[in-house]
Visitor: 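My questions all concern the structure below.
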Amino acid sequence: MTRQSPHYWLIKSEPFKYGWDDLVAEGEGTWDGVRNYQARNNLAAMAVGDEAFFYHSREGLEIVGICTISVAGITDPTDETGKWAAVKVKPREKFAHPVTLAAIKAEPRLAEMQLIRQSRLSVSGVTAQEWQVICEMAQD
DNA sequence: GCCAACGTTGGC
DNA sequence: GCCAACGTTGGC
């Protein structure tokens with residue numbers, strides 16, 4: 001399936017379990033273990049070349065960098081039933097200045113982010129405008 | 001470590 | 001098919 005423009009996402013991970021540094025060390029990581037239908041739908045909608053913010057949950061509470069979807073539409077290798085989706089991601093860019101959850105909440109243009117509205121969703125969508133705003137914040 | 005939010009499960 | 005009980009996530 002081809003699309004005209006890349007889509008943007010935000011993926012969460014607990015840094016003590018699998019953080020940005022782990023992804024960099026591996027070079028490519030498989031995003032699996034998702035057992036939430038909405039998150040799965042987001043995973044299934046990803047395409048190669050899409051970009052995703054990498055967010056540290058529970059500890060850090062900030063977006064630390066950007067990764068790209070390197071392989072899309074695969075079946076979760078940790079799931080025997082074969083009904084859960086997964087993708088592979090590669091690190092692209094580490095933010096000079098991580099964008100914290102507090103900073104996101106303080107920015108009116110980001111008030112409608114899926115990250116804010118559904119705080120428990122581990123894979124969420126990001127609009128092109130939200131993507132732009134956060135990239136600007138990461139450079140300040 | 002606590003607890004609110006929310007998704008899932010299971011009895012009826 | 002409703003809804004109470006339970007489990008999990010994730011901010012604080």
Side-chain angles (χ1 to χ4, degrees):
Chain A
M1 194 198 289
T2 55
R3 273 198 309 242
Q4 294 174 340
S5 58
H7 283 213
Y8 301 109
W9 311 96
L10 182 144
I11 58 179
K12 289 184 188 176
S13 188
E14 299 167 344
F16 48 86
K17 206 167 145 196
Y18 191 89
W20 174 265
D21 292 339
D22 297 309
L23 179 62
V24 170
E26 277 196 324
E28 182 177 51
T30 302
W31 220 257
D32 55 23
V34 171
R35 294 294 181 269
N36 170 286
Y37 284 101
Q38 225 179 327
R40 185 199 63 171
N41 290 343
N42 283 336
L43 279 178
M46 289 180 180
V48 173
D50 282 1
E51 297 184 289
F53 289 132
F54 192 108
Y55 176 82
H56 280 170
S57 65
R58 306 209 53 165
E59 276 183 19
L61 308 186
E62 58 192 12
I63 298 171
V64 292
I66 296 172
C67 49
T68 56
I69 310 305
S70 53
V71 181
I74 57 178
T75 303
D76 189 333
T78 68
D79 165 40
E80 297 103 31
T81 68
K83 65 176 183 173
W84 295 102
V87 297
K88 289 190 180 185
V89 299
K90 286 183 176 176
R92 200 196 96 187
E93 175 193 343
K94 185 177 185 176
F95 282 164
H97 301 278
V99 179
T100 65
L101 181 63
I104 291 169
K105 284 184 172 174
E107 170 54 62
R109 288 175 294 172
L110 301 177
E112 293 301 310
M113 276 190 81
Q114 199 172 18
L115 170 73
I116 303 299
R117 295 204 318 261
Q118 291 173 257
S119 62
R120 291 181 53 209
L121 196 57
S122 57
V123 182
S124 62
V126 177
T127 69
Q129 198 216 355
E130 290 162 351
W131 185 270
Q132 182 71 29
V133 170
I134 288 170
C135 287
E136 285 171 12
M137 290 165 75
Q139 285 161 14
D140 288 340

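A note on names: the letters A, B, ... follow the listed sequences, proteins ahead of strands, and every chain is numbered from 1.
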Visitor: For the residue pair A:Ser57 and A:Glu14, confirm or rule out a side-chain donor-acceptor distance under 3.5 Å.
Guide: no
Visitor: Output the rounded distance in Å from CZ (A:Arg58) to C1' (B:dC3).
Guide: 11 Å
Visitor: If you only use heavy atoms from C-beta on, which nucleotide in C:dG11, C:dG10, B:dC6 is closest to the side chain of A:Glu14?
Guide: C:dG10
Visitor: Rounded to whole angstroms, how far apart are CZ on A:Arg40 and P on C:dT9?
Guide: 17 Å
Visitor: Looking at DNA chain B, which of residues 30-39 of chain A put a heavy atom within less than 4.0 Å of it?
Guide: A:Asn36, A:Tyr37
Visitor: Rounded to whole angstrom units, what separation is found between the CG atom of A:Leu121 and the P atom of B:dT8?
Guide: 11 Å
Visitor: Does the A:Asp76 side chain pair with the main chain of A:Asp32, one donor and one acceptor, at a distance under 3.5 Å?
Guide: no
Visitor: Let me know the distance between CZ of A:Arg120 and C1' of B:dA4, rounded to the nearest Å.
Guide: 10 Å
Visitor: Do the side-chain N or O atoms of A:Lys12 get closer than 4.0 angstrom to the phosphate oxygens (OP1, OP2) of C:dG10?
Guide: yes
Visitor: Determine whether the aromatic ring centres of A:Tyr37 and A:Trp84 lie less than 6.0 Å apart.
Guide: yes
Visitor: Would you kindly confirm whether A:Val64 and A:Val24 end up in one hydrophobic cluster when ILVMFWY residues are joined by side chain heavy atoms under 4.5 Å apart?
Guide: yes
Visitor: Would you please say whether a donor-acceptor pair under 3.5 Å links the side chains of A:Glu26 and A:Tyr18?
Guide: yes
Visitor: Enumerate the residues from residues 15-24 of chain A whose closest heavy atom to DNA chain C is under 4.0 Å, giving them by residue number; use none for an empty result.
Guide: none
Visitor: Do side-chain atoms of A:Arg40 reach the backbone of A:Ala85 as a donor and acceptor pair under 3.5 angstrom?
Guide: no
Visitor: Grab the CD1-P distance between A:Ile116 and C:dC12 for me, whole Å please.
Guide: 9 Å
Visitor: Tell me, which of residues 99-106 of chain A have any heavy atom that sits under 4.0 Å from an atom in DNA chain C?
Guide: A:Leu101, A:Lys105
Visitor: If only side-chain N and O atoms count, and only distance matters, is there a donor-acceptor pair under 3.5 Å linking A:Trp9 with A:Asn42?
Guide: no
Visitor: Could you state the atom-to-atom distance from CG of A:Leu115 to P of B:dA5 in whole Å?
Guide: 17 Å
Visitor: Among the clusters formed by ILVMFWY side chains lying less than 4.5 Å apart, do A:Leu121 and A:Trp31 turn up in the same one?
Guide: no
Visitor: Starting at atom CZ of A:Arg117, determine the distance to atom P of B:dC6, rounded to an integer number of angstrom.
Guide: 12 Å
Visitor: For the side chain of A:Ser122, starting at C-beta, report the closest nucleotide among B:dC6, C:dG10, C:dG11.
Guide: C:dG10
Visitor: Are A:Tyr8 and A:Trp20 in one and the same hydrophobic cluster, where Ile, Leu, Val, Met, Phe, Trp and Tyr link if side-chain heavy atoms are under 4.5 Å apart?
Guide: no
Visitor: Under 3.5 Å, is there a donor-acceptor pair between the A:Gln118 and A:Gln38 side chains?
Guide: yes
Visitor: With no hydrogens and no angle check, is any side-chain donor or acceptor of A:Lys12 less than 3.5 Å from a backbone partner on A:Ser119?
Guide: yes
